[in-house]
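Model, not experiment: these values are computed from the prediction.
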Amino acid sequence: MHEKVRRVADSQVPEYDFRALQSKWAPIWAEQRLFDAAAASERHPERPHKYILDMFPYPSGDLHMGHAEAFCYGDIEARYWRHRGFNVLHPIGWDSFGLPAEDAAIKRGINPRTWTYDNIAQQKHSFEIYAPSFDWSRELHTSDPEYYRWNQWLFLQMYNKGLAYRKDSWVNWDPVDQTVLANEQVLADGTSERTGAVVEKKKLTQWYLKITDYADRLLDDLDQLEGRWPSKVLQMQRNWIGRSYGADIDFAVEGREQPITVFSTRPDTLYGATFLVVAPESDLAAELVSGASAEARMAFQAYLEQTQKASEIERQSAERPKTGVFLDRWAINPVNGERLPIWAADYVLADYGHGAVMAVPAHDQRDLDFARKYDLPIRVVVASDAADPAVSGEAVAGDGVLVNSGPLDGLHKGEAIQKIIEVLEAKGAGHGTKTYRIRDWLISRQRYWGTPIPILHAEDGSLVPVPEDQLPVLLPDTEGLDLKPRGSSPLGAATEWVNTTLPGSDAPAKRDPDTMDTFVDSSWYYLRFLSPNDASQPFSQEQARTWAPIDVYVGGVEHAILHLLYSRFITKVLHDLGWVDFDEPFTSLINQGMVLLDGSKMSKSKGNLVEFASELRDHGADALRVTLAFAGPVEDDIDWADVSVQGSAKFLARAWRVARDVSQVETEGALADGDLTLRRETHRLLADAPGLIEATKFNVVVARLMELVNVARKTIDRPDGRGAADPAVREAAETLALVLDLYAPYLAAELWQLLGHDDAVALAVWPEPDAALLVEDSVTAVVQVNGKVRARLSVSPQISAADLEQAARADAHVIASIGEATVRKVIVREPKLVNIVVS
RNA sequence: GCCCCCAUAGCCCAAUCGGCAGAGGCAGCCGACUUAAAAUCGGCACAGUGUGGGUUCGAGUCCCACUGGGGGCACCA
């Protein structure tokens with residue numbers, strides 16, 4: 001009879017239903033605007049501030065699982081810091097300029113703006129369900145004139161400082177997108193990061209930002225990010241900047257006024273130099289050979305053509321046999337006056353160092369390969385036990401004592417380098433210096449959907465910046481424009497737009513037809529979030545002092561040397577311009593791993609796709625977020641085949657039932673009389689979770705939540721207890737709601753309400769754990785004999801070392817283990833361990 | 001070639017300062033409920049930490065070498 005009544009009662013209470021919760025809470029949240037940072041700051045100006053940011057999405061289609069993961073982690077941080085009593089800024093916007101929009105527009109004959117903003121609407125809708133705790137009042141679009149006018153402003157500040165400039169150079173050309181690319185956008189195999197096409201080299205005049213001026217600071221300041229950024233990213237940036245120390249050495253050239261300067265990391269081997277090599281496509285090579293014999297000129301011309309036919313990929317292969325031509329010119333070694341032949345060879349790169357090297361074949365493998373092929377002299381100047389390089393074909397690159405080197409004889413590498421630099425400086429023939437792998441950032445693009453470069457070209461060819469009060473230079477309408485890429489900017493064809501006059505005069509001028517790399521847009525967007533509607537300046541410096549720099553930045557490792565390097569650079573520029581008082585934008589960085597399926601990257605063409613939209617529809621935001629957070633360490637890849645969204649949903653349902661059970665009874669008695677085991681569990685979670693979250697061990701906190709639910713369930717079901725009426729169960733349920741808010745905001749809100757709260761759980765304050773509940777009554781002490789566990793004693797956590805040792809030695813098992821042996825040493829680590837060393 | 005990271009149950013993963021290898025989950029097995037199944041609930045089992053050395057009273061944790069996997073840079077003078 002009793003059984004029957006209960007079953008009827010149960011069936012009247014709805015089961016956990018994520019769809020019902022989502023449709024109940026989403027509109028409430030939209031109304032409440034709980035996460036408005038300005039409002040929070042006004043309510044509690046005394047509170048400390050945290051700026052939590054996810055890399056803003058590029059709106060190509062809907063959100064995908066990678067977004068789901070990153071935004072899950074970012075939201076855990078944002079929600080966590082709010083609970084910890086911080087005012088949190090957690091904005092969202094759209095990286096809405098870029099080539100995919102243009103390509104889609106060309107394919108479908110629609111405006112790139114239409115395509116982009118349709119996608120934004122779709123992603124926004126997904127976000128509304130996924131429910132990250134964004135401050136939507138700060139939403140921005142980089143493709144809005146009110147945003148990109150400040151790109152143009154930034155460009156002009158840099159132009160005025162000489163940090164934005166034009167030069168004619170060999171550039172990376174993407175034959176598919178028909179535009180130039182930055183070095184950072186070319187992959188190690190010589191293909192385009194975006195299109196996968198083999199990148200070509202073209203000589204073009206383009207706009208650059210002078211990131212090389214900041215190379216030292218960009219490299220050295222990485223040290224302050226140690227431990228806060230993934231070490232992988234730090235290493236990648238260090239490699240990319242690639243600083244080498246060495247010396248510039250001037251070689252006089254016969255029949256030429258100017259010397260040739262070469263850079264060498266081994267100036268100590270200068271006495272071993274037997275020839276010079278210049279890059280064939282360099283201006284220097286062309287100039288040198290123009291003063292040579294007709295024969296040499298013809299040979300060089302043929303070689304140059306042959307070189308240029310070789311693709312960049314072929315050229316970069318170290319395996320390739322060395323080739324080159326003698327230029328019929330001679331240089332003079334500044335320290336011993338020797339005549340050195342000058343060659344051109346394509347193993348020397350035009351755009352690294354000075355595009356010329358001194359060849360020391362005995363001590364550099366590349367030079368040795370070349371010397372052996374063309375029968376050039378090889379002279380050993382560093383003594384070693386190794387075989388003669390001329391015979392073995394193996395260059396001897398290491399440290400050693402210098403020989404055949406005049407004043408350097410007998411010195412080691414380090415001393416010799418110092419000495420030779422002194423010698424060169426005294427002669428005015430060189431100096432110690434450093435050089436970098438990183439090149440200036442090529443920012444002009446021959447495409448439509450980006451920020452116009454605010455420069456006018458006067459008829460005489462001079463460059464005139466657009467006055468700041470005339471910004472923004474608006475993109476012309478696409479009406480009548482053919483956006484198809486053909487190697488020059490489509491803006492150039494917008495006649496009315498291109499043709500203008502110089503400021504304050506009738507003199508005709510043409511607008512620069514190129515647009516900026518979209519990485520310019522994203523290099524400072526985090527600052528625009530501070531005052532997104534400010535029409536008078538790029539961002540509020542006052543707001544920057546309150547919120548910036550970013551405390552936690554979340555995004556994919558694919559930006560390790562693109563966005564993250566550019567953004568660091570621009571931040572330093574803004575620092576130098578007096579706009580911000582910090583010079584690193586991202587205090588800490590979380591790189592989420594990838595979401596894989598069956599061990600490989602998901603892709604539509606491979607048919608191994610987990611769709612964000614369908615996961616969201618089938619399992620809901622909470623279960624999806626719990627699954628992503630629980631899958632493992634944040635930086636590890638998640639294989640969707642290894643996780644269980646159903647498992648997460650099961651956990652959420654168990655959590656819900658605990659709160660439901662509490663809500664159906666009156667809580668009885670004082671909290672202090674509540675079930676002690678459960679209370680300890682609750683307070684341990686409150687005590688441990690902050691450290692775990694701050695160490696980004698989000699998965700461990702989920703495990704702890706599961707444990708709390710399990711213990712709460714057991715407490716309710718225990719036949720000798722008060723069931724759900726036990727105040728410890730209510731306490732556990734409330735704690736559950738609070739901590740679950742980091743992972744499952746819908747369920748957390750529902751639990752909080754079920755437990756009788758009218759306020760928002762998202763703004764609830766993290767309670768202090770009760771210290772008395774964190775200490776155990778007794779702990780298990782392990783007694784080892786020679787490292788092997790022989791006994792376990794239950795002792796007080798406050799036990800003294802002497803008491804513990806005494807108890808250990810009194811134990812029968814321990815006495816038996818020691819037997820006749822002599823006790824050599826006793827290690828006591830009260831209250832948990834005793835190790836008795838016997839012989 | 002140079003540099004970096006990782007390796008713990010069948011699987012995903014935990015393990016403050018070096019101190020009992022196991023928190024959590026997936027899959028599995030047994031049981032309860034059910035006419036049955038699903039769901040739910042209860043329970044069970046499973047590794048000695050990639051290999052070999054070293055330091056230490058004691059090593060998953062520190063050091064060295066190796067193997068396997070992942071990543072970065074690379075004709076950068």
Whole angstrom value for the distance that separates P of B:G58 from CD of A:Gln784: 10 Å
Test log, rule side chain to side chain contact (heavy atoms under 4.5 Å, CB included), inputs A:Met594 and A:Met602: CA-CA 9 Å; A:Met594 284 187 300; A:Met602 296 191 288; over 6 Å; no
Touch class at under 4.0 angstrom, heavy-atom based, for A:Asn835 against every strand present: base
Sugar-phosphate, base or nothing in reach of A:Asn786, heavy atoms under 4.0 Å: nothing
Donor-acceptor pair between A:Asp369 and A:Tyr347 side chains, under 3.5 angstrom: no
Gap in Å between the two C1' atoms, one belonging to B:C20 and one to B:U49, rounded: 15 Å
Sugar-phosphate only, base, or nothing, as touched by A:Pro633 at under 4.0 Å among non-hydrogen atoms: sugar-phosphate
Sugar-phosphate only, base, or nothing, as touched by A:Arg439 at under 4.0 Å among non-hydrogen atoms: base
Inter-nucleotide P distance (B:U16, B:G54), Å rounded: 27 Å
Sugar-phosphate, base or nothing in reach of A:Arg654, heavy atoms under 4.0 Å: sugar-phosphate
Watson-Crick or G-U wobble partner of B:A9, both distances under 3.5 Å: none
Under 3.5 Å side-chain donor-acceptor pair for A:Tyr566 and A:Arg568: no
B:G48 glycosidic torsion: syn (within 90° of 0) vs anti: syn
CA sep, side-chain torsions, deciding dist, call: A:His431, A:Ile421, side chain to side chain contact (heavy atoms under 4.5 Å, CB included): CA-CA 6 Å; A:His431 56 271; A:Ile421 287 170; 5.5 Å; no
Touch class at under 4.0 angstrom, heavy-atom based, for A:Arg657 against every strand present: sugar-phosphate
Separation of B:C6 P from A:Gln235 CD (nearest whole Å): 12 Å
Sugar-phosphate only, base, or nothing, as touched by A:Lys232 at under 4.0 Å among non-hydrogen atoms: sugar-phosphate
Along RNA chain B (nearest heavy atom to each residue), the more 5'-positioned of A:His354 and A:Asp717: A:Asp717
Between B:U56 and B:C63 - C1' atom distance, rounded Å: 12 Å
Sugar-phosphate only, base, or nothing, as touched by A:Thr435 at under 4.0 Å among non-hydrogen atoms: nothing
Gap between atoms CG and P, on A:Asp636 and B:U8 respectively (whole Å): 11 Å
For B:C20, glycosidic torsion class - syn if within 90° of 0, otherwise anti: anti
Whole-Å P distance, B:G48 and B:A21: 14 Å
ring-ring contact (aromatic ring centres under 6.0 Å, His included) partners for A:His619, two or more places apart: none
